[in-house]
Asks: 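Below you'll find the structure I mean.
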Amino acid sequence: MKRIFYGLLLFGVCLLGACSYDSEKALKNGDVINMHGPIYNFVHFEEFMERVEAEDSAFVRISNFTLEGNPILYNVTFDGAEFDLEIDRSRDKERGDKPAKESLSCTELTREEGQQLFMYSLQGCDSDSSFTLLNILKEQEMDHEH
């Protein structure tokens, strides 16, 4: 009986481990990773922007990690004319009453320059007029330009 219990316990731990999505897994998947300041894999966002400017279909996933380390995923698809955004909060243990998943359609992707940040936002969205995708420190974006 102990063997069955320990076997089920081990299976449960492995199953829970497979459900987690940490920054290492996001990095391997090619996600753009936002860690409250540092942005990793920004080159994938730049490639996405280039495809959008060329009006080609494109996809990018942005993994935003909360201070507690929980991922909130932004899956952004561009079909050549419109943006579809899926916000996946299902892995955020601190999401409260926010929906686990939410979808928006938007018409435009903008880049605004602040004093210290570049802000990338989707405009003309269904429920809100805009949705901020990514903020990046100017000096970090400059590090990526060649």
Side-chain angles (χ1 to χ4, degrees), residues 7-146:
L8 288 174
L9 182 64
L10 179 62
F11 176 74
V13 168
C14 291
L15 186 61
L16 286 174
C19 294
S20 68
Y21 197 78
D22 60 11
S23 59
E24 189 173 310
K25 191 177 283 188
L27 190 64
K28 286 180 186 175
N29 287 339
D31 297 6
V32 177
I33 302 169
N34 181 0
M35 300 290 288
H36 291 285
I39 306 290
Y40 301 95
N41 279 346
F42 187 70
V43 67
H44 294 292
F45 192 77
E46 291 173 317
E47 291 166 355
F48 174 77
M49 293 287 293
E50 287 173 10
R51 292 186 65 98
V52 167
E53 288 173 14
E55 297 182 359
D56 291 335
S57 60
F59 173 81
V60 70
R61 172 180 278 172
I62 302 170
S63 295
N64 294 287
F65 286 88
T66 65
L67 293 174
E68 297 82 17
N70 299 320
I72 299 173
L73 308 176
Y74 297 165
N75 296 309
V76 186
T77 305
F78 180 68
D79 66 6
E82 192 173 90
F83 297 90
D84 290 317
L85 169 65
E86 180 193 66
I87 305 164
D88 182 352
R89 296 182 189 93
S90 63
R91 296 175 181 97
D92 181 9
K93 299 170 190 146
E94 315 295 323
R95 80 172 177 266
D97 61 350
K98 292 181 181 173
K101 291 192 179 183
E102 183 178 355
S103 294
L104 297 172
S105 290
C106 306
T107 58
E108 184 180 7
L109 177 60
T110 62
R111 177 179 180 249
E112 295 179 41
E113 184 174 349
Q115 287 187 0
Q116 298 176 355
L117 296 171
F118 288 112
M119 297 157 281
Y120 296 90
S121 300
L122 290 173
Q123 305 291 326
C125 302
D126 300 333
S127 60
D128 299 318
S129 59
S130 68
F131 185 88
T132 302
L133 285 176
L134 195 60
N135 292 323
I136 184 167
L137 292 170
K138 283 185 175 181
E139 60 265 7
Q140 187 173 0
E141 188 177 71
M142 299 303 176
D143 289 343
H144 293 283
E145 293 179 4
H146 302 289

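Values below: all heavy atoms of this structure, side chains included; hydrogens, waters and symmetry mates excluded.
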Asks: Ignoring hydrogens and geometry, is there a side-chain-to-backbone donor-acceptor pair from D84 to T77 under 3.5 Å?
Replies: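 Not at all, since once roles are kept as given, no pair shorter than 3.5 Å links the two residues.
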Asks: According to ring-ring contact (aromatic ring centres under 6.0 Å, His included), who are the partners of F65, at least two apart in sequence or on a separate chain?
Replies: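 Checked F65 against ring-ring contact (aromatic ring centres under 6.0 Å, His included); zero matches.
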Asks: Pairing donors with acceptors under 3.5 angstrom, does anything connect the side chains of Y40 and D31?
Replies: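 Note: Y40 and D31 side chains miss the donor-acceptor criterion.
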Asks: Show every donor-acceptor pair shorter than 3.5 Å between a side-chain atom in residues 49-57 and any protein atom, with sequence neighbours excluded, or say none if there are none.
Replies:
| residue | atom | partner | partner atom | Å |
| --- | --- | --- | --- | --- |
| R51 | NE | S57 | O | 2.9 |
| R51 | NH2 | S57 | O | 2.9 |

Asks: Please round to the nearest 0.5 Å and tell me the distance separating atom CG of D88 and atom OH of Y74.
Replies: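 Result: 11.5 Å between the selected atoms.
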Asks: Considering residues at least two apart in sequence or located in another chain, which fulfil the salt bridge (Lys or Arg N to Asp or Glu O under 4.0 Å) criterion with E68?
Replies: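 Scan of E68 (salt bridge (Lys or Arg N to Asp or Glu O under 4.0 Å), adjacent residues dropped) gives none.
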Asks: Roughly how far, to the nearest 0.5 Å, is CD1 of I87 from CG of N75?
Replies: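 So the gap between those two atoms works out to 10.0 Å.
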Asks: Taking the side chain as every heavy atom from C-beta outward, state whether L122 and L85 have any atom pair closer than 4.5 Å.
Replies: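 Yes, close enough: below the 4.5 Å cut-off.
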Asks: Mind running side chain to side chain contact (heavy atoms under 4.5 Å, CB included) on I33 and F42 for me, showing each step along the way?
Replies: CA-CA 8 Å; I33 302 169; F42 187 70; over 6 Å; no
Asks: About how many Å separate OG1 of T132 and CD of Q123, when rounded to the nearest 0.5 Å?
Replies: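 Going from CD on Q123 over to OG1 on T132, the span is 8.0 Å.
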Asks: Given the rule in the side chain to side chain contact (heavy atoms under 4.5 Å, CB included) test, do N70 and E94 qualify, once you have shown the distances and angles that lead to the verdict?
Replies: CA-CA 8 Å; N70 299 320; E94 315 295 323; 3.5 Å; yes
Asks: Roughly how far, to the nearest 0.5 Å, is CD of E86 from CG of L104?
Replies: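 Those atoms lie 10.5 Å apart.
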Asks: Apply the side-chain contact (heavy atoms from CB on, under 4.5 Å) test between V76 and each candidate in V60, L109, V32; give the one that qualifies.
Replies: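 It is V60, the one option of V60, L109, V32 that forms the side-chain contact (heavy atoms from CB on, under 4.5 Å) with V76.
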Asks: Relative to the ring of F45, is the ring of Y120 parallel (under 30°), tilted (30 to 60°) or perpendicular (over 60°)?
Replies: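 Rings of Y120 and F45: perpendicular, over 60°.
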Asks: For H44, does its backbone N or O pair with a side-chain atom of N41 as donor and acceptor, under 3.5 Å?
Replies: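 Answer holds: no.
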Asks: Restricting to salt bridge (Lys or Arg N to Asp or Glu O under 4.0 Å), what partner residues turn up for R89, sequence neighbours left out?
Replies: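 Only E102 meet the salt bridge (Lys or Arg N to Asp or Glu O under 4.0 Å) criterion with R89.
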Asks: Say you draw a straight line from CZ of F118 to CD1 of I39; how long is it, rounded to the nearest 0.5 Å?
Replies: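 CD1 of I39 is found 13.0 Å from CZ of F118.
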Asks: K93: which residues meet the salt bridge (Lys or Arg N to Asp or Glu O under 4.0 Å) condition with it, sequence neighbours left out?
Replies: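 Here no residue qualifies.
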Asks: Parallel, tilted or perpendicular: which fits the ring planes of F83 and F78, with parallel below 30° and perpendicular above 60°?
Replies: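 Rings of F83 and F78: tilted, as their planes differ by 30° to 60°.
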Asks: Shortest non-hydrogen contact from K101 to S90?
Replies: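 Where K101 meets S90 most closely, the heavy atoms are CE-OG, 4.5 Å.
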Asks: Could you grab the distance from atom CZ of R111 to atom CG of L133, nearest 0.5 Å is fine?
Replies: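 Result: 14.0 Å between the selected atoms.
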Asks: Which heavy atom in S23 sits nearest to a heavy atom in M35, and how many Å separate them?
Replies: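 Answer, listing the atom of S23 first, then M35: CB-SD, 4.2 Å.
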Asks: Enumerate the salt bridge (Lys or Arg N to Asp or Glu O under 4.0 Å) contacts for residues 36-45, please, sequence neighbours excluded, ordered by first and then second residue.
Replies: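 Checked against salt bridge (Lys or Arg N to Asp or Glu O under 4.0 Å) - neighbours excluded - no pair reaches residues 36-45.
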